[in-house]
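Following: one structure in structure tokens, then a few remarks.
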Amino acid sequence: MSNKATLEIDGKKYEFPLIVGTENEVAIDVKSLRSATGGVITIDPGYKNTGSCESAITFLDGEKGILRYRGYSIEELAEKADFLEVAYLLIFGELPTQDELDKFHSDIKSHSVVDDDIKKILEAFPKSAHPMGVLSSLTSALTAFNPTSVDVDSEEEMYNAIVRILGKFPVLVAWTMRKKHGMPLEYGDDSLGYVENVLKMMFKSPNGDYEQNPILVNALDKLLILHADHEQNCSTSTVRIAGSSHAGLFVSLASGISALWGPLHGGANQAVLEMLEAIKEDDGDTKKYMAKAKDKEDPFRLMGFGHRVYKNFDPRAKIIKVAADEVLSQLGVEDPILDIAKGLEKEALEDSYFVDRKLYPNVDFYSGIIYRAMGIPVEMFTVMFALGRLPGWIAQWKEMRTKKEPIGRPRQLYIGETYREFKTIKNR
Ligand code: ACO
């Protein structure tokens, strides 16, 4: 293959280099397009064809259903690693040795206390507030309590900022849930693993201890790993672009949390469960919802179906579907919602509307069923996604800052009014 792409505008030819990634993906490098052509730009709403960066963190092949973190397959990581190992891998590029992992965990624990004044901010929210809005606000508020900006050229400062947020974020996650449910705010227990500690902070009753259930620990660990990174998705791109103005790590993460909240992105896990509940209330009439999803006059979409990148299957959905079956049977939970989900999936996979558009279940089609079986309230589902995605956002922010990427500032094609003379108010 030639290493150049040629573009012809008005009979004049311009050449642009082709860049090839380590997995042989090819990109046209248009960095010089505007200056070479005297102002021509590319336009690509939703960035369906635009690479915003070169990245060495996550590889995915949507046609083949491949997802790898730093070269390791998601299937192997979900089976053999734990969430903290995966977090280390994403952020620092290599799987940790036992000593490295122990130090990482101990440093995280030493930063897991949140300033008590954060509770006053939390108190000001009404109970009706959605936990994602609260989490985003509290993450941003952490900046006020940790005001020193991070020198990104100092590995030590970068490391300290990373372990600080990994320590404090689960506390905020647990507190948003406890506040909504009128429960006293608790701290965790340093003798526990990262995921065990999250569960204890969320569920410990004020007048009793919390008994760990290994089924729940394993299920949450797996879900967090599956959500840990997904290259340049909406929330990650938001984190990178916010951070590209040299905004700090915590506020960049807060922007990512807001982007994740939407039902077309992370908010889909809550929307899926609400949709399945609605179908159940409607006597399990899946046909009605299939018809609504296909009706172009109806804004309804089959939540948990379709993906910008996966056009064959979402490898995370395959793992989660098996896990949902396992977790429900291990916990002895019979949930009619699981049967509705399986029925809906079968119908969609046999329907030409979904087949022709290559719409398959995504990571969030089955995750809510597991969260529900674990006793996690539905409005917390997207918060759990954020907890899982945290290492990915951190890794992407770190990569963007250490590579000294320029500020993210897209162009536009202006299609508004051309120059008009100002009219005074009485002449309008
Ligand atoms: N139900 C019904 N039709 C759908 C669905 C769906 N879930 N998803 C896509 N389509 C249709 C569109 O209407 C469009 O049809 P058309 O070609 O006749 O106009 C076609 O499939 C292509 O859809 P786009 O919206 O152009 O695809 P895009 O890549 O922009 O969107 C998205 C991807 C946002 C995930 C979309 O599939 C969707 O809205 N899914 C439901 C929400 C969801 O589950 N989001 C979670 C994604 S995973 C994650 O973020 C963690």
Side-chain angles (χ1 to χ4, degrees), residues 43-50 58 60 62-63 65 67 69 74 78 132 222-239 256-279 286-321 341 344-371 378 381-393 396:
I43 194 147
D44 185 20
Y47 310 120
K48 293 191 179 194
N49 308 280
T50 299
T58 288
L60 75 84
E63 271 68 39
L67 173 61
Y69 300 159
I74 192 65
M132 282 298 276
K222 194 174 275 198
L223 283 167
L224 297 179
I225 291 173
L226 293 176
H227 285 91
D229 195 48
H230 212 232
E231 50 118 301
Q232 307 312 316
N233 57 83
C234 177
S235 55
T236 301
S237 299
T238 304
V239 170
I257 296 167
S258 302
L260 186 72
W261 189 0
L264 297 191
H265 190 15
N269 57 12
Q270 175 172 346
V272 169
L273 210 92
E274 287 164 352
M275 175 187 77
L276 294 173
E277 277 289 352
I279 298 176
T286 46
K287 299 250 173 334
K288 177 173 158 189
Y289 289 81
M290 286 286 288
K292 272 166 75 60
K294 293 191 284 181
D295 179 358
K296 291 290 163 197
E297 303 300 311
D298 190 327
F300 175 79
R301 285 188 162 199
L302 205 58
M303 298 315 288
F305 257 76
H307 197 276
R308 168 60 62 78
V309 187
Y310 293 120
K311 301 297 176 194
N312 185 344
F313 66 92
D314 179 338
R316 303 166 301 171
K318 272 196 168 178
I319 301 172
I320 287 192
K321 186 178 175 182
L344 199 60
E345 178 185 348
K346 188 167 179 297
E347 274 178 54
L349 294 181
E350 288 166 359
D351 189 299
S352 60
Y353 175 97
F354 290 90
V355 173
D356 293 351
R357 289 170 180 75
K358 298 186 181 341
L359 301 171
Y360 295 87
N362 59 49
V363 65
D364 285 321
F365 192 65
Y366 286 102
S367 65
I369 294 172
I370 308 183
Y371 287 138
V378 68
F381 290 2
T382 317
V383 168
M384 302 317 288
F385 188 154
L387 179 65
R389 186 54 55 88
L390 182 66
W393 287 332
Q396 301 272 352

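Side-chain atoms are counted along with the backbone in the values below, which use heavy atoms only and exclude waters and symmetry mates. All ligand and atom numbering here is 1-based and tracks the order in the structure. The first residue of the sequence shown is numbered 1, and numbering continues consecutively from there.
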Lys NZ or Arg CZ of Arg357 over Tyr353 ring: under 6.0 Å, within 45°: yes
Best match, Met275, Lys311, Arg301, Lys292: closest heavy atom to atom 36 (C) of ligand 1: Arg301
Any His230 heavy atom less than 4.0 Å to ligand 1: no
Ligand 1-proximal atoms of Lys296, by part, heavy-atom distance under 4.0 Å: side chain
Region of Pro263 that comes within reach of ligand 1 [heavy atoms, distance under 4.0 Å]: backbone
Smallest separation among heavy atoms of Asn269 and Thr382, with atom names: OD1-OG1, 3.0 Å
Mode of Tyr353 contact toward ligand 1 - side chain, backbone, both, neither (heavy atoms, under 4.0 Å): side chain
Gly46 heavy atom under 4.0 Å from ligand 1: no
Any Phe300 heavy atom less than 4.0 Å from ligand 1: no
Residue-ligand contact Phe365/ligand 1, heavy atom below 4.0 Å: no
Lys294, portion touching ligand 1 at heavy-atom distance under 4.0 Å: neither
Side chain, backbone, both or neither: Asp364 near ligand 1, heavy atoms under 4.0 Å: side chain
Selection from Leu264, Asn233, Asp356, Val363 by shortest heavy-atom distance to atom 45 (N) of ligand 1: Leu264
